[in-house]
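Written below as structure tokens is the structure these notes are about.
All of these numbers come straight from a predicted model, not from anything done at the bench. Read the numbers this way: they start at 1 and go in the same order the structure lists the ligands and their atoms.
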Amino acid sequence: MQSKGTLLVTGGAGYIGSHTVKHLLANHERIVVLDNLVFGHREALPLDRMTFIQGDMSDAPLIEKLFTEHQPEAVLHFAAFAFVGESVENPLKYYRNNFAAPLTVLEAMQKHGTKRFIFSSTCATYGNPVSIPMDETHPQEPVNPYGESKFMLERVLKDCDRAFGLKSVFLRYFNASGCDLEGEIGEDHAPESHLIPRILMAATGEIESLTVFGTDYPTPDGTCIRDYIHVQDLAKAHALALDYLRNGGESTAVNLGTGRGFSVKEIIATAEAVTGKTIPVSYGPRRAGDPPELVANPAKAKALLGWEAELKEPRQHIESAWKWMTGPRKGRYSC
Ligand SMILES: NC(=O)c1ccc[n+]([C@@H]2O[C@H](COP(=O)([O-])OP(=O)(O)OC[C@H]3O[C@@H](n4cnc5c(N)ncnc54)[C@H](O)[C@@H]3O)[C@@H](O)[C@H]2O)c1
């Protein structure tokens with residue numbers, strides 16, 4: 001194993017990035033976060049223990065300066081836009097930020113000889129499931145520009161490996177959820193589109209009611225089934241993927257999920273049990289592009305990285321998110 005160098009974390013002030021930074025700092029890693037704060041939060045980072053650079057990953061002079069000064073050993077790439085519906089309305093915004101902008105970082109990596117890249121990819125690269133659970137060999141036919149933009153970057157990364165030996169791990173997350181178990185940091189998206197925070201916003205009265213999109217899916221209770229993966233488990237997977245590359249691992253794709261699916265109604269019922277509140281719910285039509293069921297086969301992550309989800313129960317996810325929502329910050333950063 002080589003000695004540890006500096007890690008560049010793009011989008012590290014966001015939800016999953018900030019939880020991963022916390023975990024990496026606990027592992028004594030040296031970290032530089034680059035985030036333009038379009039969605040991220042300065043307060044999500046321990047600024048006294050790392051370097052924070054506010055800027056855009058497409059800013060070539062800034063990226064060149066960053067690579068010259070910090071010579072990162074590896075890049076963990078979280079920065080992206082991630083609203084599926086918006087990507088359908090405004091695809092170019094997504095291709096610009098999720099596909100084109102990272103090329104500036106990859107060019108700097110090529111120039112400066114940085115050979116390790118950990119990519120926040122997504123189960124949205126698979127599109128509609130042809131088999132459940134989905135493993136990494138499942139066909140990749142994205143059904144929206146968000147998934148397509150991530151799939152395109154995966155293909156670029158494969159070419160970079162062939163051309164100049166850039167080794168990447170594509171971590172295909174299923175539905176990220178939950179918050180730091182210590183309640184220090186959490187999920188604060190604006191607008192918030194994820195199910196669990198929206199349920200909890202309905203519980204606190206921050207929104208009038210939770211809209212459930214579709215009750216006529218071919219699932220036992222008619223609502224969509226998803227595989228919820230706790231953000232702390234995601235953070236650990238990044239550290240293990242980094243170890244894998246540091247130990248000479250080849251480029252590869254790895255699903256990050258629990259292997260178990262839960263319906264929207266099951267998640268609501270669990271949230272009612274955790275919060276002791278009745279969640280006001282309204283029912284709407286199906287949303288375009290929402291498959292009935294998305295569940296990972298996470299066997300490869302265990303075999304290759306030694307990773308397995310530890311916080312598998314939706315109750316654990318909701319309890320940690322509720323702790324954040326009802327804690328000192330009431331689920332919101334101030335900047
Ligand atoms: N949340 C999920 O369930 C989920 C599932 C699958 C994949 N992902 C992927 O994981 C990553 C992180 O997701 P998240 O939920 O933490 O999102 P997030 O919006 O909280 O974090 C993304 C961060 O990237 C920053 N950013 C965006 N564009 C930038 C740019 N051009 N330059 C610099 N910084 C930029 C934002 O300010 C934000 O802090 C994304 O790539 C997302 O596509 C998320």
Side-chain angles (χ1 to χ4, degrees), residues 8-22 32-45 52-60 62-63 66 75-84 86-87 93-105 108 117-126 134 142 144-154 170-180 185-198 226-235 237-238 253-258 294 296 317 321 332-333 335:
L8 169 59
V9 183
T10 73
Y15 166 47
I16 305 169
S18 59
H19 286 78
T20 304
V21 166
K22 181 172 176 177
V32 175
V33 165
L34 173 76
D35 197 302
N36 61 9
L37 298 184
V38 167
F39 289 115
H41 308 276
R42 204 182 282 272
E43 290 166 79
L45 295 169
F52 174 64
I53 298 170
Q54 183 173 350
D56 197 285
M57 63 179 153
S58 64
D59 181 342
L62 175 74
I63 299 297
L66 189 161
V75 175
L76 288 85
H77 177 58
F78 295 91
F81 294 147
F83 297 108
V84 170
E86 185 189 49
S87 80
K93 179 176 175 184
Y94 278 69
Y95 290 121
R96 169 72 62 196
N97 203 46
N98 295 2
F99 172 68
L103 301 183
T104 305
V105 177
F117 194 84
I118 297 179
F119 175 38
S120 300
S121 190
T122 163
C123 63
T125 62
Y126 294 127
M134 306 160 96
N144 52 61
Y146 167 67
E148 188 67 46
S149 67
K150 294 278 180 173
F151 183 40
M152 286 165 69
L153 196 61
E154 285 194 4
F170 315 151
L171 294 176
R172 296 186 187 142
Y173 315 158
F174 281 64
N175 279 50
S177 62
C179 297
D180 177 38
I185 53 176
E187 181 168 16
D188 177 6
H189 288 124
E192 185 57 75
S193 63
H194 293 152
L195 179 64
I196 291 174
R198 284 195 70 79
R226 294 289 179 268
D227 183 336
Y228 294 89
I229 178 71
H230 197 282
V231 68
Q232 288 204 186
D233 281 326
L234 287 180
H238 286 77
V254 177
N255 282 342
L256 296 180
T258 64
L294 290 172
H317 299 212
R332 293 274 176 240
Y333 297 106
C335 60

query = In terms of ring plane angle, is the pair Y126 and F174 parallel, tilted or perpendicular, where the classes change at 30° and 60°?
reply = tilted
Between [X] and [Y], does any side-chain donor sit less than 3.5 Å from a side-chain acceptor?
{"X": "S58", "Y": "D56", "answer": "yes"}
{"X": "Y228", "Y": "T258", "answer": "no"}
{"X": "Y94", "Y": "E86", "answer": "yes"}

inquiry  = Can you list everything that forms a side-chain contact (heavy atoms from CB on, under 4.5 Å) with P145? Sequence neighbours excluded, please.
reply    =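 S87, V88, P91, Y95.
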request  = Identify, chain by chain and in numerical order, each protein residue with a heavy atom under 4.0 Å from an atom of ligand 1.
outcome  = G11, A13, G14, Y15, I16, D35, N36, L37, V38, F39, G40, G55, D56, M57, F78, A79, A80, A82, N97, S120, S121, T122, Y146, K150, Y173, F174, A176, H189, H194
query = Would you say K150 and R172 make side-chain contact, with heavy atoms under 4.5 Å?
reply =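 They are not in side-chain contact.
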